[in-house]
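Reviewing the structure listed below.
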Amino acid sequence: PTAKQPHSIQPAAVRLQSMARVAALREGMDEARRICKEVEELCLEDESITFSLGGVNYTLFLEGGYPGVCQIFDSDGGEELELSGSIREVIDQLSDHRHAQAGRCRGGCTAVVRSAEVNDDCSVFETSSLEAAAGAACCEEESDDEDDDALAMLAVAEEDNGLGSALQAEAEAACRVFGKGSAETCYMADSCRLTLKADPSAKGAVTELTAGAWGINLEMPITLRMKVFGAPTGSCASTTTATAGWHSVEELQVYQGSSFEDSCLKPGKQLLMICNDFLKLHKNGSFGNRSGEAASARECPRKRRRTPSGVPGEPEEVQIARTSKEVWIEEALRENGGVAQLLRYVSLRLPSLHKFCAICDEPHTSPPMIQRTVCCREICCWQFSQFGELISDAEGVNTAAEVNDLLVCMAIHAAKSPRCTLIFDPFPQLFLDAASSPALSSKSPGAWETLKKVMGEIEQAREKAAGDGALWTTRTDLLTSKGALARPMVQWIASSVRSLLLPLREEDRVKAFGTEYQYMLVSAAPEREALFQSLKTEFGSTFAFHGSPPENWHSILRNGLKNASSTALMISGAAHGAGIYLSPRSCVSAHYSKLAPAAGAARAAPNSAGGCDLTGTRRLDLDSLRMLAVCEVINHPSLNKVNNHHIWVAPKEETVVTRFFLVYSANLVPNLDLQDVQLQAKLRTCMKAFGNWSHV
């Protein structure tokens, strides 16, 4: 589109008199909603169409038939554009125009915006638009030579040492593999703006459950936007690098939504690190255009390293993760061109974000669980303490104050336990304000005594604010008044959880459980869940309770439900062999959780805050806290059912996953049998309603 000088216009809007025309417009709007992911609030009014793009409101007036010529005004700056085509095509042109304007503001001038797309027959077509504009000085002084200046800029962009043509070719190749609009180039005087869009839902790589836990919107593409520079004039870099003109990349942004500033993507920082590391490969000639090469010639030198490698003494999981990263790099480098290679690498890494630190991208030393988190390196813990809400997910997803209150209660019990040094795991690293050294870590003198002291201060703060319900966890002033480390500890407790724990709404709860405190509890990593579903298809599944004292759940939510038999964590013996102990009968599991089993209904944990009894703000009774998990269990041949089938022992951890979490006060728990057909049906219906498990 050619930008006209802003001036006052009274558009001659054409009324939508024909029903056929209205139907065509609505069909065009539906198409735009499906394809133009960045557009919002697309509405048809009497004589116009309104929508929002990148936070700016626009009004579209048709001048004749549809599709055809139309005028677009933005409500903020009064700019007018004359475009043509369907609604989707007009919005695409407007988006290109916005990108061109952004390039002019940064680089002083803008030339051509091109978008490589692929037809249904996989042929490539290119849409171009000339932005006739000069720098800020030219904008202030309107010149009759404006068009000539723009043509001169076009010539500069076309003579950019092959960068523009090379990027366009790579974008076209990427679109053939990843679909229309997956790669776009915006040519500027000294560089190219490259925009890539990765589909997080492609081939089911990220499930709905995982996406919800990680803060990813499966209905929006993940956008990678960067400025690409060619090799300097006279430099030999353009002939020695494999990137066909790529020399350096700046201003890399990773986001979801209309813009980086409005991004809703939680793993953005982690994906930024992943992309930066991959882009560094072009410096040693491993990254770039490999078209025309034989398959054997494309193989990365890393391919020879098939055995797990790493630092001596590292856990096997860490070595496997390092090797997996090498394999993903190798697979990505088989694509034709650097653009497709980067998109492929992002798509390969996306399902495995939980296996690597959200900051440094190093493998975790402990087995992965569903939530992303940071490693125990001091620098990563410090960054997380300062910018945690921008990095990980646990604190953002488990946002309900009552969940944080529940987690604090578990931690208080763990700190008071004689087994504290075993079950308060991992040990927190706490930082004060902007200090780069931890005020408390496992290496601090008197670390365990300090930890217990801080937990005591938190308990005092909780009791003092009993009238606030669970909202006491949000009171910075209250926590700070009790001790300098109280607030950092509460933040750490909330953010270090690697399980997904969400309170159920009243309409989703199972009444038979006899408590209002019901939660969805998911701990299994995505690959573990996939293995469970595979076993479920083969053997089928059922449900059982797992009971454990309150202090144990602090560790279980961070390390998973484990086979603790014959380990220091075992507290009830292994009379029926090694494995995870379960029972279909609530009264049996209640014994292990220190509940008082009996027939009848359980009393909900009291809430002393008169106005804080809604789901998400309820306060638990610390002294009478008792807990049960409802697990889904594979009917595997290894499952040992003893004592009239009232006790089950699952020796294989992969055959047990948590589904629900129940909290009781120290009173009564209903005498339930999860082998009841109607109760099982209710549980599966509840799981299916969440949309999180595909084969319930």
Side-chain angles (χ1 to χ4, degrees), residues 208-209 502-524 528-548 561 576 579-593 595-602 604 626-664 668-696:
E208 183 180 350
L209 172 63
L502 295 176
L504 299 185
R505 298 171 300 180
E506 183 176 359
E507 58 268 28
D508 295 326
R509 298 173 196 153
V510 180
K511 292 183 179 179
F513 286 150
T515 176
E516 297 176 359
Y517 291 82
Q518 302 181 25
Y519 304 83
M520 180 178 73
L521 173 60
V522 184
S523 300
R528 170 89 172 266
E529 179 68 36
L531 174 60
F532 183 88
Q533 294 294 342
S534 176
L535 293 172
K536 183 175 175 178
T537 301
E538 183 176 359
F539 299 105
S541 71
T542 185
F543 293 94
F545 292 104
H546 176 79
S548 194
L561 190 58
H576 304 289
I580 298 175
Y581 276 63
L582 308 142
S583 176
R585 305 296 297 270
S586 58
C587 59
V588 175
S589 293
H591 171 74
Y592 291 92
S593 64
L595 278 165
R626 300 296 182 264
M627 305 166 187
L628 287 176
V630 176
C631 302
E632 189 174 7
V633 185
I634 298 296
N635 288 316
H636 196 270
S638 64
L639 183 64
N640 185 21
K641 299 181 179 180
V642 297
N643 194 15
N644 293 324
H645 288 200
H646 288 172
I647 295 178
W648 298 356
V649 184
K652 297 181 179 293
E653 293 180 359
E654 63 270 21
T655 62
V656 179
V657 293
T658 57
R659 295 307 192 200
F660 300 95
F661 192 66
L662 310 176
V663 181
Y664 295 90
L668 307 177
V669 57
N671 192 357
L672 299 175
D673 186 352
L674 288 182
Q675 295 304 288
D676 180 82
V677 175
Q678 293 183 346
L679 185 53
Q680 286 210 20
K682 174 61 178 176
L683 294 179
R684 296 189 188 279
T685 300
C686 190
M687 289 165 55
K688 188 176 296 184
F690 297 148
N692 293 326
W693 296 278
S694 55
H695 300 93
V696 297

Does the side chain of [X] reach to within under 4.5 Å of the side chain of [Y], using non-hydrogen atoms?
{"X": "M687", "Y": "F660", "value": "yes"}
{"X": "Y519", "Y": "V663", "value": "yes"}
{"X": "V657", "Y": "C631", "value": "no"}
{"X": "T542", "Y": "N635", "value": "yes"}
{"X": "V510", "Y": "L679", "value": "yes"}

Which pair of heavy atoms, one from [X] and one from [Y], lies closest together, and at what distance?
{"X": "M627", "Y": "S593", "answer": "O-CB, 3.2 Å"}
{"X": "G514", "Y": "P670", "answer": "CA-CG, 4.0 Å"}
{"X": "V669", "Y": "A590", "answer": "CG1-CB, 4.1 Å"}
{"X": "V633", "Y": "A544", "answer": "CG2-CB, 4.1 Å"}

Out of curiosity, [X] [atom1] to [Y] [atom2], how far, rounded to the nearest 0.5 Å?
{"X": "L504", "Y": "E516", "atom1": "CG", "atom2": "CD", "answer": "12.5 Å"}
{"X": "M520", "Y": "C686", "atom1": "CE", "atom2": "SG", "answer": "9.5 Å"}
{"X": "L674", "Y": "K682", "atom1": "CG", "atom2": "NZ", "answer": "14.0 Å"}
{"X": "S541", "Y": "F532", "atom1": "OG", "atom2": "CZ", "answer": "5.5 Å"}
{"X": "L561", "Y": "I580", "atom1": "CG", "atom2": "CD1", "answer": "4.5 Å"}
{"X": "F543", "Y": "D676", "atom1": "CZ", "atom2": "CG", "answer": "12.5 Å"}

* Hey, which of V630, D508, L662 is the one that makes side chain to side chain contact (heavy atoms under 4.5 Å, CB included) with Q518? ->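 Of V630, D508, L662, side chain to side chain contact (heavy atoms under 4.5 Å, CB included) with Q518 is met by L662 alone.
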* Asked: With the threshold set at 4.0 Å, does a side-chain nitrogen-carboxylate oxygen contact exist between R684 and E632?
  ->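 Between E632 and R684 there is a salt bridge, with a charged N closer than 4.0 Å to a carboxylate O.
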For residues 647-656, which side-chain N or O atoms pair as donor and acceptor with protein atoms under 3.5 Å away, sequence neighbours left out?
from, atom 1, to, atom 2, distance (Å)
W648, NE1, H645, O, 3.1
E653, OE2, N563, N, 2.9
T655, OG1, K652, O, 2.6

* To do: State which residues pass ring pair (Phe, Tyr, Trp, His ring centres under 6.0 Å) with F545; sequence neighbours excluded, sorted by chain then number.
  =>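 For F545 there are no ring pair (Phe, Tyr, Trp, His ring centres under 6.0 Å) partners, ignoring immediate neighbours.
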Whether the side chain of [X] engages the backbone of [Y] through a donor-acceptor N/O pair (distance < 3.5 Å, no angle test) should be reported.
{"X": "T537", "Y": "Q533", "result": "yes"}
{"X": "T515", "Y": "Y664", "result": "no"}
{"X": "H646", "Y": "S583", "result": "no"}

* **salt bridge (Lys or Arg N to Asp or Glu O under 4.0 Å) partners for E538, two or more places apart** =>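 With neighbours one apart ignored, the set is empty.
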